[in-house]
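All remarks here apply to the structure that follows.
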Amino acid sequence: MEDYTAKQAIENLDDPPNSRLFVVTSRAMTEDALRDSFSVFGDIQGVWVVKDKQTKESKGVCYVKFAKSSQACLAMEEMHGKVLVEGTKPVKVFIAQSRSSNRHRDVEDEELTRIFVMIPKTFTEDDLKDTFKEYGDIEYCVIIKNKFTGESKGLGYVRYYKPSQAAVAIENCDKTYRAILAEPRTKNTVTEDYSSGPARGDYMGGNDSNNQYALPALPALPMADPGNYPVMDYRSTDYTRCLMMSTRAAMTQEQIFALFDIIPGMEYCELQRDSYGMSKGHALIRYGNLGSAVYAKDKLNGFEYPPGNRLVVTFVDDGEDRSSPVGRMAMQFVATQMMSSAWNGPSNSQVMKPPPFAAPAPMSRVQTDVSLPPHKKLAAPDSKSKERLFIVFSPTTLPPDILEDVFCRFGSLIEVHLVPGRKVGYIKYADKQCADDAMAALHGRVVNGVKMKVMLADPPREESHKRPRTY
DNA sequence: CGACGGGACGC
DNA sequence: CGACGGGACGC
């Protein structure tokens with residue numbers, strides 16, 4: 001990067017992000033007059049009136065740089081529409097487009113009023129609101145949850161009424177929330193689509209005149225003719241790409257994954273756990289197409305694995321629209337193709353992987369020469385970590401649920417973290433003694449054929465600057 | 001409609 | 001020998 005300084009200088013114009021105003025004003029406006037008008041809103045770091053290169057005359061647009069985004073937002077909210085020079089048009093005030101972005105659209109309030117935060121999984125939406133209301137009036141709070149289980153993903157959105165409120169929240173809330181401006185929702189909401197009714201928050205008020213659009217639009221929708229698809233009418237059933245598998249015997253994530261991965265097209269597989277990380281005997285599986293899911297359900301529902309344990313596989317509503325002709329044709333194509341390929345045939349298909357049934361099903365999932373204490377309850381997920389262990393596996397890493405099974409037995413286990421792509425991991429404990437006990441019992445020992453080095457972890461790395469903040 | 005200057009790191 | 005830091009909704 002030979003141009004490092006120049007690039008840096010340009011980026012500093014918007015550091016922190018959204019701290020610079022774009023002001024459309026009278027050509028008579030001077031930098032001093034601007035500074036006078038805007039300085040009451042915060043620390044001004046620079047004022048610049050854009051002038052024509054030749055004539056040196058103002059082009060009627062200016063930039064005002066503040067130290068903080070909240071100051072710029074407040075100035076925008078207060079000054080937009082004000083008449084600064086008698087007899088001239090009222091000024092327009094916007095947050096300036098970032099110098100490094102190439103957009104030619106005004107930055108809208110929509111993009112400046114919603115924040116995205118990381119929160120404890122135990123937080124309810126009321127907790128979220130209580131936490132963030134001190135920074136401004138909140139329009140709504142939403143927590144992102146697992147669509148099927150309703151479990152919080154530990155992420156939330158808070159929509160304020162004003163950009164300055166969102167900016168203040170980002171600047172002043174506890175750093176552990178990692179608050180940033182939320183990316184605007186992808187605009188999939190087609191305004192032409194009247195069939196699903198108006199979006200919840202988008203009522204204009206109880207205006208009856210809008211109703212004229214609701215009914216006539218319906219017949220215009222492309223309706224698939226079921227008669228064209230003689231195999232099955234998938235709309236009238238509950239076929240989906242998502243499956244739920246229930247088992248009464250203990251199964252690991254890896255076993256379930258291997259089982260459902262036999263059918264090509266699996267794109268998601270997760271063993272469901274309770275808040276203590278124990279398996280609930282359910283797993284969610286999603287395929288990239290309906291045909292694979294239909295086939296997997298057909299073949300694996302009632303299947304015995306481990307022997308004697310009958311798996312139950314059902315469809316789960318994935319909320320997707322399966323009525324489009326294209327989607328149905330694609331599904332039937334895949335389903336037909338797969339039904340015709342032999343399930344039990346020996347290696348007649350390149351896409352099929354060999355089933356994992358060769359290995360005997362483990363009755364106890366942990367084999368080790370260590371005499372392990374009985375299971376103990378996990379510590380609450382948001383417990384403070386008092387001691388962290390660093391594990392090195394050889395020759396390969398162990399699955400997380402096995403690790404949890406083993407390392408929870410010394411008490412106060414908070415979480416197991418495996419470093420993706422590396423044969424190492426971290427184990428967090430809420431109690432130092434428990435961690436030390438685990439280290440003493442397990443260092444150098446072998447679990448399921450995997451040798452582990454169990455050591456105290458080095459202190460966590462300091463503040464990383466990887467993530468570009470968007471405030 | 002109304003959008004981007006001047007200056008110039010420091011081993 | 002072997003090191004972490006995350007992040008996206010579905011009206």
Side-chain angles (χ1 to χ4, degrees), chain A residues 1 3-10 13-14 20-27 31 46-53 56 58-63 65 89 91-94 96-107 114-119 140-147 153-159 176-190 193 196-203 318-321 388-394 397 415 417-428 452-453 455-468 470:
Chain A
M1 294 285 182
D3 208 7
Y4 179 70
T5 49
K7 218 174 255 173
Q8 197 76 356
I10 283 176
L13 283 178
D14 295 290
R20 200 169 55 116
L21 293 181
F22 171 58
V23 182
V24 183
T25 179
S26 150
R27 295 182 195 275
E31 288 174 357
V47 176
W48 171 35
V49 172
V50 178
K51 298 182 182 114
D52 184 281
K53 279 243 167 53
K56 300 291 179 64
S58 164
K59 291 162 106 176
V61 303
C62 327
Y63 293 92
K65 172 71 173 74
K89 286 201 278 193
V91 289
K92 295 187 238 179
V93 185
F94 306 92
Q97 296 154 13
S98 134
R99 200 71 197 271
S100 47
S101 89
N102 293 321
R103 291 185 308 143
H104 282 278
R105 212 182 67 238
D106 292 339
V107 178
R114 195 176 63 139
I115 66 171
F116 181 50
V117 294
M118 302 183 85
I119 49 179
Y140 65 78
C141 290
V142 175
I143 286 175
I144 302 172
K145 301 177 186 133
N146 182 305
K147 197 196 256 174
K153 292 188 180 170
L155 299 168
Y157 295 100
V158 179
R159 172 80 76 181
T176 61
Y177 293 118
R178 303 250 154 185
I180 58 172
L181 273 184
E183 292 293 327
R185 282 184 304 199
T186 51
K187 293 182 177 171
N188 287 342
T189 335
V190 185
D193 181 13
S196 54
R200 194 174 53 82
D202 291 341
Y203 286 102
D318 56 6
E320 287 189 4
D321 180 7
R388 225 162 46 122
L389 299 180
F390 177 58
I391 321 289
V392 182
F393 304 98
S394 175
T397 183
E415 71 169 349
H417 170 61
L418 292 176
V419 180
R422 319 238 90 137
K423 298 167 189 176
V424 303
Y426 294 90
I427 317 264
K428 256 195 234 173
M452 299 182 297
K453 294 183 190 175
M455 296 156 284
L456 291 183
D458 292 340
R461 212 169 55 199
E462 279 316 302
E463 184 72 18
S464 79
H465 297 284
K466 286 178 119 174
R467 164 170 286 271
T470 56

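Labels below follow one simple rule: chain letters A, B, ... track the order of the sequence lines, proteins then strands, and each chain is numbered from 1.
- Across all strands, A:Val117 comes closer than 4.0 Å to base atoms (heavy-atom distances).
- Residues A:Phe393 and A:Gly425 share a closest heavy-atom pair of CE1-N, 4.0 Å.
- Note on A:Arg27: a side-chain N or O is less than 4.0 Å away from OP1 or OP2 of B:dG2.
- The nucleotide whose nearest atom lies closest to any side-chain atom of A:Val424 is, among B:dA3, C:dC4, C:dG2, C:dG2.
- Across all strands shown, A:Lys59 has heavy atoms under 4.0 Å from sugar-phosphate atoms exclusively, and none from any base.
- Base orientation at B:dC1 is syn, since its O4'-C1' glycosidic dihedral falls within 90° of 0.
- Side chain of A:Lys153, nearest nucleotide from C:dC9, B:dC4, C:dC4: C:dC9.
- Comparing B:dG2, C:dG7, C:dC1 by their closest approach to the side chain of A:Ile180 singles out C:dG7.
- For A:Arg114, there are no salt bridge (charged side-chain N to carboxylate O under 4.0 Å, His left out) partners two or more places apart in sequence or in a different chain.
- Distance, A:Arg388 CZ to C:dA3 P: 14 Å, rounded to whole Å.
- Scored by the side-chain contact (heavy atoms from CB on, under 4.5 Å) test, A:Met118 finds A:Leu155, A:Arg178 as partners (sequence neighbours excluded).
- With distances taken from any side-chain atom of A:Trp48 to the nucleotides B:dG2, B:dA3, B:dG5, the minimum falls on B:dG5.
- For A:Asp106 and B:dA3, the CG to C1' distance is 10 Å, given to the nearest whole Å.
- Checked by distance alone, A:Arg422 brings no side-chain donor or acceptor within 3.5 Å of a matching partner on the base of C:dC4.
- Between A:Phe390 and A:Tyr426, the ring planes lie tilted relative to each other; the angle falls in the 30° to 60° range.
- Straight-line distance from the NZ atom of A:Lys65 to the C1' atom of B:dA3: 17 Å, rounded to whole Å.
- Taking atom CE of A:Met455 as the reference point, atom P of C:dC4 lies 14 Å away to the nearest angstrom.
- Contacts of A:Lys423 with the nucleic acid, taken as non-hydrogen atoms under 4.0 Å apart, are absent.
- Base engagement by A:Arg20 is indicated by at least one non-hydrogen atom pair under 4.0 Å involving a base atom.
- With its glycosidic angle more than 90° from 0, C:dC9 is assigned anti.
- Distance from the side chain of A:Lys453 is smallest to C:dG2 among C:dG7, C:dG2, B:dA3.
- Of the candidates C:dA3, B:dG2, B:dC4, B:dG2 carries the atom nearest the A:Lys92 side chain, counting heavy atoms from C-beta on.
- Considering only the side chain of A:Arg178, C:dG7 comes nearest among B:dA3, C:dG7, C:dA3.
- Residue A:Phe94 is classed as a base contact, given a heavy-atom separation below 4.0 Å to a base.
- If you check every strand for non-hydrogen atoms under 4.0 Å, A:Val61 touches sugar and phosphate atoms only.
- At least one donor-acceptor pair under 3.5 Å links the side chain of A:Arg388 to the backbone N or O of A:Asp458.
- Closest approach of A:Glu31 and A:Trp48 over heavy atoms only: OE2-CA, 3.4 Å.
- Set against C:dC11, C:dG2, C:dA8, the side chain of A:Arg185 has C:dC11 as its closest nucleotide.
- Residue A:Arg114 is classed as a base contact, given a heavy-atom separation below 4.0 Å to a base.
- Distances were taken from every side-chain heavy atom of A:Tyr426 (C-beta onward) to each of C:dC9, C:dG7, C:dC4; the shortest belongs to C:dC4.
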